Structure formats: C-alpha cells, structure tokens
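I have placed the structure first, in the form of structure tokens, so that the comments after it can refer back to it.
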Amino acid sequence: MLKAVAPLLAGLVFGIGLMASGMTDPAKVLAFLDLAGAWDPSLALVMGSAIAVALVPFGWARRQRRTLTGEPVQWPAARGIDRRLLLGGGLFGIGWGLGGLCPGPAVVARAAGLEGVWIFVLALLAGLLAVDLFDARR
C-alpha cells in the first residue's frame, strides 16, 4: 500500500508546491530570468527554501540503505562534468528561457488544465524519446 500511495502523495505535494510558488506561470519564470529588465527575484526565495527544506531528508536518506518502501537507495553514479551533462544543461536552459517552463511545472500546468503548454510537453516528450534512442545506439 505504501509503495502505491507514497509516490502519489509526493507528486501531489510537489505539484501543489509548484503551483503555489508560481513555477507553473511562464510569465513569472521569465520575469525571474530577465536580469536586465524588470527582474522578479521571488523565485530565488522559492528555490532557496526548497533547497533548505530538502537538506534534512537528503541528509537522512544518505545514511539509509533502503527507502521507506523497502527499495534499495540509489544515488547517481556519475560525479564529473562531461559533454553530455553540458549539452543537456544547455538545452534545458534554452528551453526554460524560451518557454518559461521546465518539465515538472509543465506537466503540472497541463494536468491543471492550463492552456498553451501542449507544445512544451510534446517537445519534452520528443526530447526524452531522442535521448532514449541515442542511449540505445551507444
């Protein structure tokens, strides 16, 4: 039961947090990214608060071998900065700057019925498929 309910609750809390913080509003995100214009620093507070809140459970999780649902704890194996990370980060930044959305808020915005995010979500899915195809060829 916990295995089925925990991801649903985590997703709901995360989605509500994204909507309450304004991360699903492309205009607010673009105002945050516009350092030379009418800069809106409120999302910096959101991001800083999220990092501060996440430090406690991440610190706890680092000391565990199993999750609360019994699965083994898995951390990313890659530690360095490589071409793949730089390319992915660059594409993410370009997409965020052009559309004012990143993947989580786009999915939440679409699920909440906000108009105008279909193109972003379709581009996101195409990008995920392209990465899978690229990885399968390696």
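What you are looking at is a predicted structure, and each value in this text was computed from that prediction instead of being measured.
Taking all atoms of both residues into account, the shortest heavy-atom contact from G99 to P26 is O-CB, 3.5 Å. Summarising the geometry of L18 relative to G104, their closest heavy-atom pair is CD1-C, 3.8 Å, with the distance given to 0.1 Å. Between V117 and A106 the shortest heavy-atom distance is CG2-O, 4.1 Å. Across all their heavy atoms, A38 and D34 have their closest contact at N-OD2, 3.8 Å. What you find for R84 and D135 is that their closest heavy atoms are NH1-OD1, 2.9 Å. Nearest heavy-atom pair across W60 and L68 is CH2-CD2, 3.7 Å.
Hydrophobic clustering (ILVMFWY, side-chain heavy atoms < 4.5 Å, transitive): L43 and L35 are in one cluster. Both F14 and M23 belong to a single network of hydrophobic side chains, linked directly or stepwise wherever heavy atoms of I, L, V, M, F, W or Y lie under 4.5 Å apart. Under the 4.5 Å side-chain heavy-atom criterion for grouping Ile, Leu, Val, Met, Phe, Trp and Tyr, L128 is connected to V107 within one hydrophobic cluster. L33 and W39 fall within a single hydrophobic cluster, where Ile, Leu, Val, Met, Phe, Trp and Tyr side chains are chained together by heavy-atom contacts under 4.5 Å.
Pairs engaging residues 103-138 under the ring-ring contact (aromatic ring centres under 6.0 Å, His included) rule: none recorded [sequence neighbours left out].
Between the CE atom in M47 and the CZ atom in F32 there is a gap of 4.0 Å [rounded to 0.5 Å]. Remark: L30 CG to D40 CG distance equals 11.0 Å, nearest 0.5 Å. Between atom CD1 of residue I119 and atom CG of residue L101 there is a gap of 11.5 Å, rounded to the nearest 0.5 Å.
Comment: R137 does not engage D132 in a salt bridge, judged by the lack of any side-chain N to carboxylate O separation of less than 4.0 angstrom.
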Test side-chain contact (heavy atoms from CB on, under 4.5 Å) applied to T67 and Q74, step by step: CA-CA 9 Å; T67 65; Q74 297 179 0; over 6 Å; no

Between L125 and V121, is the side-chain contact (heavy atoms from CB on, under 4.5 Å) condition met? List the steps. CA-CA 6 Å; L125 294 174; V121 172; 4.3 Å; yes

Check step by step if side-chain contact (heavy atoms from CB on, under 4.5 Å) holds for L124 and R110. CA-CA 12 Å; L124 168 69; R110 185 59 229 141; over 6 Å; no

Let me see the working for S42 and K28 under side-chain contact (heavy atoms from CB on, under 4.5 Å), right down to the final yes or no. CA-CA 9 Å; S42 61; K28 185 167 186 71; 2.9 Å; yes

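Enclosure of atom CZ in F92 by more than 12 non-hydrogen atoms of other residues, nucleotides or ligands within 6.0 angstrom is indicated.
Annotation: side-chain contact (heavy atoms from CB on, under 4.5 Å) contacts of L85 (sequence neighbours excluded): I81, D82.
Considering only heavy atoms from C-beta on, V29 stays 4.5 Å or farther from D25 through its side chain. At least one side-chain heavy atom of L45 sits under 4.5 Å from a side-chain heavy atom of S49. Between R66 and P72 the shortest side-chain heavy-atom distance falls below 4.5 Å.
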